[in-house]
Amino acid sequence: MSATSQAKPILPSDILARKGGVPLVTLTAYTTPMARLVDKHCDITLVGDSVGMVLHGLPTTLGVTLEMMIMHGKAVVRGTASALVVIDMPFGTYEKSPAQAFANAARIIAETGAAAVKLEGGVIMAETIAFLVARGVPVMAHIGLTPQAVNTLGGYKVQGRGADAARVLEDAHAVAKAGAFSVVLEKLPAELADQVTTALHIPTIGIGAGLACDGQVLVLDDMLGLFSDFHPKFVKRYGELGHAADQAIAHYATEVRARQFPTPEHSYAMAPATPAVKG
Ligand code: KIV
């Protein structure tokens with residue numbers, strides 16, 4: 001069933017109940033107009049901390065703040081009628097202690113009106129996930145490649161190859177046991193993501209993790225082709241909007257320089273135009 005058939009908001013418990021069913025469709029959004037488009041077609045709208053790189057020009061997600069996530073979260077909630085809005089907890093706002101995580105998750109939920117948060121980490125975050133869930137904060141977990149750990153992982157590498165598969169499986173079991181209602185699997189071999197999906201009772205949402213996951217997520221701006229210089233293997237480009245925008249801006253610049261814009265059609269006269277009289 002798609003998110004479009006009714007405007008009833010999708011809840012974390014609905015996502016959990018979709019385990020093994022029709023794949024869950026997820027995209028990121030950071031603004032109201034994009035949230036409106038995503039809401040028509042998706043089950044989950046993720047306000048990812050990728051917003052820092054995509055909209056704010058940051059080199060990694062590490063400089064994203066709680067205030068940024070709350071501002072973009074509010075914008076997305078305003079544009080959403082049906083999809084479950086999940087908001088990323090940024091780096092440094094949840095790792096210190098479960099109490100720190102709860103204080104910041106509560107701010108995100110109370111100030112944006114979103115129903116769930118996402119945080120990165122497996123075994124190491126299990127206690128925090130259980131703490132949040134027990135206090136009314138639904139949590140989507142995120143394991144495999146966790147971009148907030150780029151400096152310790154040594155780059156944006158595929159995770160879980162060879163002996164590392166055991167670590168990923170342990171992380172998956174830990175977040176599911178802790179009460180996460182779903183888990184993002186990022187940049188894992190498809191066979192391992194399949195194994196994790198089969199082993200868990202919660203839905204897995206893949207990004208660069210193959211077809212067997214219970215759902216898929218992409219960064220909206222990547223799949224729309226808004227960048228010309230970012231082509232990771234796992235991103236399928238469903239549009240070339242960057243090229244279309246470049247052409248439109250070039251056309252505008254040419255017309256302005258040639259005094260071809262604005263024409264009377266886009267200008268105002270001293271006296272308003274009188275409607276034509278029929279007959
Ligand atoms: O920040 C983000 O957009 C994400 C997705 C890539 C899963 O975490």
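We use all heavy atoms of the structure for the numbers below, so side chains are in, but hydrogens, waters and symmetry mates are not. First listed ligand is number 1; within each ligand, the first listed atom is number 1.
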Worksheet item: Can you pull the side-chain hydrogen bond (donor to acceptor under 3.5 Å, both in side chains) pairs that have at least one residue in residues 211-227, sequence neighbours excluded?
Response: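 Listed by first then second residue: Lys19-Asp214, Thr204-Asp214.
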Worksheet entry | Short side-chain donor-acceptor distance under 3.5 Å, Glu255 and His251 |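 Note: His251 and Glu255 side chains meet the donor-acceptor criterion.
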What are the polar N/O contacts of ligand 1 with the protein below 3.5 Å, with distances?
unit_1	atom_1	unit_2	atom_2	d
ligand 1	1 (O)	Asp49	N	3.2
ligand 1	1 (O)	Asp49	OD1	3.0
ligand 1	1 (O)	Ser50	N	3.0
ligand 1	1 (O)	Ser50	OG	3.3
ligand 1	1 (O)	Asp88	OD2	3.2
ligand 1	3 (O)	Ser50	OG	2.5
ligand 1	8 (O)	Lys118	NZ	2.9

Worksheet item: Is the count of non-hydrogen atoms from other residues, nucleotides or ligands lying under 6.0 Å from Arg167 atom CZ greater than 12?
Response: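 Yes - once you tally the heavy atoms of other residues, nucleotides and ligands closer than 6.0 Å, there are more than 12.
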Worksheet entry | His173 ring center within less than 6.0 Å of His201 ring center |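 Distance test on ring centres: not under 6.0 Å, no.
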Worksheet entry | Ion pair Glu191/Arg161, N-O distance below 4.0 Å |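 Salt bridge: no.
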Fill in: Arg259 NZ/CZ over Phe261 ring centroid, <6.0 Å and within 45° of normal
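Verdict for Phe261: no cation-pi partner in Arg259.
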